[in-house]
Asks: 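This is the structure I have questions about; it appears just below.
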Amino acid sequence: MAEHRYDPKLIEPRWQQVWADERTWEVSNDPDIPGERSYVLVMLPYPSGEPHIGHLKVYSVGDAVAHFHRRTGRRVLNPMGYDAFGLPAENHAIQTGRHPRESTDSSIAQFRRQFREWGISIDWSRELATHEPDYYRWTQWIFLQFFDAGLAYRKEAAVKWCPVDQTVLANEQVVDGHCERCGAEVEARQLEQWFFRITDYADRLLDDLDTIEWPANVKTMQRNWIGRSEGAEVVFRCEELDVDYPVFTTRPDTLFGATFFVMAPEHPDVMRLVAGTDREAEVRDYINHALTESSEERGAADKPKTGVFLGRHVVNPVNGEAIPMYVADYVLMEYGTGAIMAVPGHDERDHAFATAYNLPIRRVVGGHHDELPYTGDGPIVNSHSEFDGLHNRDALIKIVDWLDREGKGHASVNYRLRDWLISRQRYWGCPIPIVKCPSCGLVPVPEEDLPVRLPDITDYAPKGRSPLAAAEDWVNVSCPSCGGAAQRETDTMDTFVDSSWYFLRYCDARNDEAAWDPAVLAEWMPVDQYIGGVEHAILHLLYARFFVKGLKDLGHLGVDEPFARLFTQGMITKDGAKMSKSKGNVVSPQDIVERYGADTARCYVLFIGPPEHDADWSDEGVEGVHRFLSRLWRLCAEAAETGRLDGELVAPLDLEGADLQLARKAAWAIDKVTADLSGRFAFNTAIAAVMELTNEASRLRDEAAPDVRRFALATAASLLFPFAPHTAADAYERLTGRRVWEERWPDADPALLERDVVQIVCQVNGKVRDRVQAAAGASQDELLALCRAAPNVQAHLDGKQIVKEIVVPGKLVNVVAK
RNA sequence: GCGGCGGUGGCGGAAUUGGUCUACGCGAUGCCCUCAAAAGGCAUUGUCCGUUCAGGACUUGUGGGUUCGAGUCCCACCCGCCGCACCA
C-alpha cells in the first residue's frame, strides 16, 4: 500500500485554483434563476496592515454558514470589500509622507491574498473598497438625497473635539469623555458642522428591534443608546424676567414636591438672570469652573453636588409656589431643556443637592419606606385634594391632563440619542459634495458632476481645519447655481457613513448608472445572516439601520431593516489577554496557515469553543485539530485505493455487525452536524461529531467492508466541507470522483437513526444502579421487569418496599423504595 | 448603582425539552511499531474509599427549596466578564 501523507501545501493551492478559475462562488442577479436566495455577510474589514486572528475567525464562521446554505439548496451571496477611508491610514501618512492610498492599497492586497489562501468562498466579482471613486461617488449621492430631504443639515452646536486627532467626533465615538480612537480627552467646542437627522428615526429604530433576530445584549445596548423616556414638559414661569422655562420630567406625579429649580451651566439664560445683580461674579466663576472641568470629572456620579443660587424664582404651575433658581453642574444642557424641576423627596440627585444647600425636602409619594429620597411608587400625599390618595402612576396621567388643559404643559417624550455629527476636519475620507456660495448658500454639487474627487495634497497634518482647505485649486469653484465664485466644503465624512450602505452596493456592485437597481436589491435584501464583532453594537449597526430607513422613505429600496439576523462572535485571546503588538502576544494567522494549512487554522478557531464566546488560543489545540484532519484525509486516501464510491451517497443495504455500526455512526453524524448548523452556530460540536465518525471508521478499519468504510469516510468529508473545504474536497474527490460542493447536503437514513435495541438506565431512588438492554419498542411493563431483574438493582432493593416506579420509555426506569 | 451574560475534570469545552454529568479535543501515564527518533497506533485518565474482584461515597461557585429525579427550574448569597451610568 502506498504511503499517504497529508500535505496542505499541495492540496490547498490546487483547490483554490479550481475555485478561482471556475469562479465557483460567483452568483448572478438574474431573477429568473429559481431557488431560495441567501445573503450571508461578514462585516467588511478595515484594511490596516495584515489580517489578524479575529479576521480568520469571523470569516471562517461566515464561510461555514455560506457553505451550509449552498449545500442545502440556497443561492448564496457572500461578497467582500474594504472599509478603506479612515484615520489610521492618514496618521500613517503624516508620519511617513506616503499617500494614504498607497498604504491602504497595499494592505488591501494583503487581505485579498490571505482570504484566497484561506479558501473563503467569496464572490470576487462584487469586490469593493470605500475609498474608490466608483464607490464614494454613490456615498456622495446618498448624502445629497439626504440633504434634499432635510435629513442632512448644517448647524452650529456644542460638539466634541478631539485635540489629538484635530477633528470633531460623533457622540457615539466618545467613550467616557475620551476619543474612542486615540484615547485623548475630548473638549467641547462651539462649531458649525454637518449632521444626519437620525433622531427623526428614534422611535422606528426602537420599535423595529422587535422585528429582527439579534442577540439580546445588542438590542439592549441599542435601546439604552436611544434612551427613550416618556414624561411631560412642564412650564415654570420666572415673573421677575417674564420668561417661561419648560422642563422635561419623567415624574410629573411629583410636581407638588418640587422645591427648587436648577439650570445647566451652559444654559444661555443663566448669565442674563444674574446680570447686574450682586450674584453676577459668583455665578460667572461657577460657570467658568464647570465649563473647564473635563466631562469625566463632571460626570462622576459620586461627585458632591455643587451650585449657586441665582437670586431669582420660578413659579411651580401646579401650586403657584415660588421656588428658588440655581445653577448646578449636575444638570446637563444636552438632555431635555437644560433645566430641571428638583424634587428632593423623590430623586437621589436632587436630594443630595437639597441636603448640601439646606433646601426643603417634601414627601409627595407615600410608601413603605420611611426614608427619603423614595424613588418607588405609592399613593400621592401632600399634593392637592384632587390627587391625594391616588396611586402615583394614575395621578401622573391626571396631572398631565390638567397641565395640558391649563396650557402649562403636555405629555412629552425625550431621547438620549443625538443627531449624528458626520463632518470631520480630516483628509482621508469621502468629500462632502457641497459648494458654499456667498449668494446662494449651501449648494449641492449636481449629480452628473459626482464624484467630487478627493484631491492629492502634500501636507496631511491636521491644523484644526480640514487639510483639504489648503488645496486651493480644488476648493475654489464656481457656484453650480449662480456661476459666481464659490468654495467647496472642505470637511470629509465620518467613515461610518461609508460603511452604512456597503451591503446595498454589493447587490449591484458594478452598476455605473446608479448606486443600485432597486429590483436587484429586492433579490437579496435584507441580509439573511450578518456576522461581526459586538464592538459595532451601537455605532455601525445603528447607523446602517438609520440609512436603510431613510433610503426606504425616499423610495430607493423596500426594506425596513438591513440585517434580519445578527451573530456576534467572541474574541480570541492569548493567555487570557487581548492580542496586541505592544504585549507581544500576537498569533499571526499567516504563520499558522504556513505551518499547518488553512483548513487546520479554520477548523481550530471553530473548534476552540462556542463562536460567540471569547476563547483563548492554544498551540497544542491546533496540533490536535491538525492530527484529526491528517487522519481523516489519510483514511480517505487509503480507502480510495481499493475502489471508488459511485452514485448517490447512501448507505449500502442489509448491513450487520461492524458494517451496520459504522453506517449508523455516519447517519448519527449527519443528523448531529445538520442540527448543529441549522439555526445554530454550534461549529465546535459539529466538528466533534465528524471526529467521532472518523474515529469509528478508524477503529473499524479491519472489520467493516470497504464500501461501507468509503461511505462513512465520504460522509465525514462531506460534513467537514463547510469548515475545512480543501481537505474535504480532496478527500471526497478521491473517494467518489466528484466535487463535494456540487453535492447536496447528505440526508441521514431514518432507518439507520433508529435503534432496535436501546440501553435503559436503571435507577433506585434516583441513583443509577445498573443498565440493561431492551428492545426499542418494549412496553413499560417489560422495561420495569427487566430493570427489577438487574443484579445491582436487586441488591439495592433488598429488604425494601417499592413505593413508586417511573418509566421513561427508551431512556430509564426509576424505582422508588424505602 | 442599573441592565445583560457566565461559574462543569489538570486545561478548552459537551450535556438541544428536568432523565446515564464530563461527548470531542488538549495535557498526562503506560505500551506497540523502530537500531533509534519523528510520525503513527493501542490502552488508561473526575476525586476519594475498597490490596484484587465486584462495588460504594462524593462531585457542575456557596447555602436552601421544588421533584421519583436538578448542571438545567425557584429563593438567597459569593465571584468573574461586558454594557450603561448625575439622562431629570
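Predicted model, so just to flag it, every value in this text is computed and none were measured. Naming: A, B, ... by sequence-line order, numbering from 1 per chain.
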Asks: Pick the P atom in B:rC33 and in B:rA28, then give their distance to the nearest Å.
Replies: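 After rounding to an integer number of Å, I get 23 Å for this pair.
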Asks: Taking B:rC24 as the reference, what is the distance to B:rU44 when you measure between their P atoms (whole Å, please)?
Replies: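 The same atom, P, in both gives a distance of 12 Å.
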Asks: Quote, to the nearest angstrom, the C1' distance that separates B:rC53 from B:rU72.
Replies: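 Rounded to whole Å, the distance is 37 Å.
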Asks: Looking for any heavy atom pair under 4.0 Å, which part of the strands does A:Val815 touch: base, sugar-phosphate only, or nothing?
Replies: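 No contact.
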Asks: Could you check if the base of B:rG9 is syn or anti? Syn means the glycosidic torsion is within 90 degrees of 0.
Replies: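 This nucleotide is in syn.
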Asks: Contact class for A:His346 (heavy atom, under 4.0 Å): base, sugar-phosphate, or nothing?
Replies: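 Answer is nothing: A:His346 stays at 4.0 Å or more from every strand.
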Asks: For A:Asn695, which contact category applies under a 4.0 Å heavy-atom criterion: base, sugar-phosphate, or nothing?
Replies: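 Since only primed, P, OP1 and OP2 atoms lie under 4.0 Å of A:Asn695, the category is sugar-phosphate.
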Asks: Just call it for A:Ser618: base, sugar-phosphate, or nothing, with non-hydrogen atoms closer than 4.0 Å on any strand.
Replies: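 A:Ser618: no heavy atom of the nucleic acid under 4.0 Å.
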Asks: In the strands shown, is B:rG3 matched to any nucleotide by a Watson-Crick or G-U wobble pair with both distances under 3.5 Å, and which?
Replies: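 Paired with B:rC82.
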Asks: Atom CG of A:Asn684 and atom P of B:rC26: how far apart are they, to the nearest Å?
Replies: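 Between P of B:rC26 and CG of A:Asn684: 15 Å.
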Asks: At 4.0 Å (heavy atoms only), tell me whether A:Glu805 reaches a base, stays on the sugar-phosphate, or touches nothing.
Replies: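 Since no nucleic acid heavy atom lies under 4.0 Å of A:Glu805, the category is nothing.
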Asks: Scan every strand shown for a Watson-Crick or G-U wobble partner of B:rG55, both distances under 3.5 Å, and answer none if you come up empty.
Replies: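 Paired with B:rG55, as far as the under-3.5 Å criterion goes, is B:rC49.
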Asks: Nearest whole angstrom, please: distance from the C1' of B:rA88 to the OH of A:Tyr245.
Replies: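 Spelled out: OH on A:Tyr245 to C1' on B:rA88 is 18 Å.
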Asks: Could you state the CD-P distance from A:Gln763 to B:rC68, rounded to the nearest angstrom?
Replies: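 Rounded to the whole Å, the gap is 13 Å.
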Asks: Can you check the A:Trp617 CH2 to B:rC26 C1' distance for me, whole Å?
Replies: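 So the two atoms are 14 Å apart, to the nearest Å.
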Asks: Record whether the side chain of A:Asn224 comes under 3.5 Å of the base of B:rC84 through a donor-acceptor pair of N or O atoms.
Replies: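 Not at all, since no donor on one side and acceptor on the other fall under 3.5 Å apart.
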Asks: Hey, does the side chain of A:Thr685 come within less than 4.0 Å of B:rC24's phosphate (OP1/OP2), counting only N and O?
Replies: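 Looking at the OP1 and OP2 atoms of B:rC24, neither is under 4.0 Å from any side-chain N or O of A:Thr685.
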Asks: Would you please confirm or rule out a distance under 4.0 Å between OP1 or OP2 of B:rA85 and any side-chain N or O of A:Arg416?
Replies: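 Yes, within the criterion.
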Asks: Roughly how many Å apart are B:rA14 and B:rA37, using the P atom of each and rounding to a whole number?
Replies: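 B:rA37 and B:rA14 have their P atoms separated by 38 Å.
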Asks: Run the salt-bridge test on A:Asp253 and A:Arg251 with the 4.0 Å N-O cut-off and return the result as yes or no.
Replies: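 The answer is yes: the pair qualifies as a salt bridge.
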Asks: With the side chain of A:Lys672 defined as its heavy atoms from C-beta on, choose the nearest nucleotide among B:rC86, B:rG55, B:rU16.
Replies: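 So the side chain of A:Lys672 is nearest to B:rU16.
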Asks: Nearest to the side chain of A:Phe248, heavy atoms from C-beta on, is which of B:rG55, B:rC86, B:rA88?
Replies: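 Nearest nucleotide to the side chain: B:rA88.
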Asks: Taking the P atom of each, how far is B:rU59 from B:rG64, in whole Å?
Replies: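 Those two atoms are separated by 11 Å.
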Asks: Examine the side chains of A:Thr199 and A:Asp419 and answer whether a donor and an acceptor come within less than 3.5 Å of each other.
Replies: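 Yes, A:Asp419 and A:Thr199 have a side-chain donor paired with an acceptor closer than 3.5 Å.
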Asks: A:Arg769 near the nucleic acid: base, sugar-phosphate alone, or nothing, with a heavy-atom cut-off under 4.0 Å?
Replies: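 Touches sugar-phosphate only.
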Asks: Which is true for A:Asp616 with a 4.0 Å heavy-atom rule: it touches a base, it touches only sugar-phosphate, or it touches nothing?
Replies: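 The residue A:Asp616 makes no contact with any strand.
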Asks: Closer than 4.0 Å, any side-chain N/O of A:Arg631 to the OP1 or OP2 of B:rG41?
Replies: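 So the side chain of A:Arg631 is within the cut-off, an N or O lying under 4.0 Å from OP1 or OP2 of B:rG41.
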Asks: For A:Gly345 and A:Leu372, which heavy atoms make the closest approach, and how far apart are they?
Replies: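 Heavy atoms of A:Gly345 and A:Leu372 come nearest at O-CD2, 3.3 Å.
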Asks: Using a 4.0 Å heavy-atom cut-off across all strands, classify A:Gly227 as base, sugar-phosphate, or nothing.
Replies: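 Since no nucleic acid heavy atom lies under 4.0 Å of A:Gly227, the category is nothing.
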Asks: Using atom CG of A:Asp614 as one end and atom P of B:rG12 as the other, report the distance to the nearest whole Å.
Replies: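 After rounding, the gap between these two atoms is 13 Å.
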Asks: Any side-chain donor-acceptor pair under 3.5 Å between A:Ser229 and A:Tyr335?
Replies: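 Checked: A:Ser229/A:Tyr335 side chains pair up, N/O donor to acceptor below 3.5 Å.
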Asks: Provide the Watson-Crick or G-U wobble partner of B:rC42, both distances under 3.5 Å; none if there is no partner.
Replies: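 Matched B:rC42 with B:rG30 under the 3.5 Å cut-off.
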Asks: Please report the distance separating the C1' of B:rU67 from the corresponding atom of B:rC73, rounded so that it comes out in whole Å.
Replies: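 Each nucleotide's C1' atom is 10 Å from the other's.
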Asks: Considering only side-chain heavy atoms of A:Val768, which listed nucleotide, B:rC42, B:rC86, B:rC21, is closest?
Replies: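 Closest of the options to the side chain of A:Val768: B:rC21.
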Asks: What's A:Arg5 touching, base or sugar-phosphate or nothing? Going by heavy atoms closer than 4.0 Å.
Replies: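 It contacts nothing in the nucleic acid.
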Asks: Say we look at B:rC75 and B:rG3: how far apart would their P atoms be, to the nearest angstrom?
Replies: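 Those two atoms are separated by 14 Å.
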Asks: Could you identify the nucleotide paired to B:rU17, looking across every strand shown and requiring Watson-Crick or G-U wobble geometry with both distances under 3.5 Å?
Replies: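 B:rU17 is unpaired by these criteria.
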Asks: According to the Watson-Crick and G-U wobble definitions, with both distances under 3.5 Å, which nucleotide is paired to B:rG9?
Replies: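 Partner of B:rG9: none found under 3.5 Å.
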Asks: Contact class for A:Val816 vs. all strands (heavy atom < 4.0 Å): base, sugar-phosphate, or nothing?
Replies: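 Contact class for A:Val816: sugar-phosphate only.
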Asks: Just how far, in rounded Å, is P of B:rC24 from CG of A:Asp676?
Replies: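 Those two atoms, CG and P, are 15 Å apart.
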Asks: Taking atom C1' of B:rG40 as reference, at what distance in whole Å does atom CD of A:Glu623 sit?
Replies: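 These atoms are roughly 14 Å apart.
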Asks: Output yes when at least one side-chain N/O atom of A:Arg627 is less than 4.0 Å from OP1 or OP2 of B:rG27, else no.
Replies: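 Yes, because at least one side-chain N or O of A:Arg627 sits under 4.0 Å from OP1 or OP2 of B:rG27.
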Asks: For A:Ile608, answer base if it contacts any base atom (sugar-phosphate contacts may also be present), sugar-phosphate if it contacts only those atoms, and nothing otherwise; contact means non-hydrogen atoms under 4.0 Å.
Replies: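 Sugar-phosphate, backbone atoms only, no base.
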Asks: Is the distance from the ring center of A:Phe353 to that of A:Phe260 below 6.0 Å?
Replies: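 A:Phe353 vs A:Phe260: aromatic centres under 6.0 Å.
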Asks: Taking only side-chain N and O atoms of A:Lys811, does any of them lie within less than 4.0 angstrom of OP1 or OP2 on B:rG19?
Replies: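 Negative; the distance criterion is not met.
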Asks: Please determine if A:Glu638 and A:Arg701 form a salt bridge, counting it only when a charged side-chain N lies under 4.0 Å from a carboxylate O.
Replies: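 So A:Glu638 pairs with A:Arg701 through a salt bridge.
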Asks: Classify the nucleic acid contact of A:Lys219 as base, sugar-phosphate or nothing, counting any heavy atom under 4.0 Å across all strands shown.
Replies: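 Touches nothing.
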Asks: Could you tell me which non-hydrogen atom of A:Asp350 sits nearest to which non-hydrogen atom of A:Ala342, and how far apart they are?
Replies: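 So the minimum-distance heavy-atom pair works out to OD2-CA, 3.2 Å.
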Asks: Which nucleotide in the list B:rC26, B:rG19, B:rC24 gets nearest to the side chain of A:Glu692?
Replies: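 Of the options given, the side chain of A:Glu692 lies nearest B:rC24.
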Asks: Base, sugar-phosphate or nothing for A:Glu334? Non-hydrogen atoms, less than 4.0 Å.
Replies: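 Here A:Glu334 touches no strand at all.
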Asks: May I ask you to say whether A:Asp210 pairs ionically with A:Arg223, meaning some side-chain N is under 4.0 Å from a carboxylate O?
Replies: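 Answer for the salt bridge query: yes.
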Asks: Can you tell me how far P in B:rG18 sits from the matching atom in B:rA39, rounded to whole Å?
Replies: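 46 Å, rounded to whole Å.
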Asks: Does a donor on one side chain and an acceptor on the other come within less than 3.5 Å for A:Arg416 and A:Asn224?
Replies: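 The criterion, which ignores hydrogens and geometry beyond distance, is not satisfied for A:Asn224 and A:Arg416.
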Asks: Between A:His536 (NE2) and B:rC82 (C1'), how many Å, whole number?
Replies: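 Rounded to the whole Å, the gap is 16 Å.
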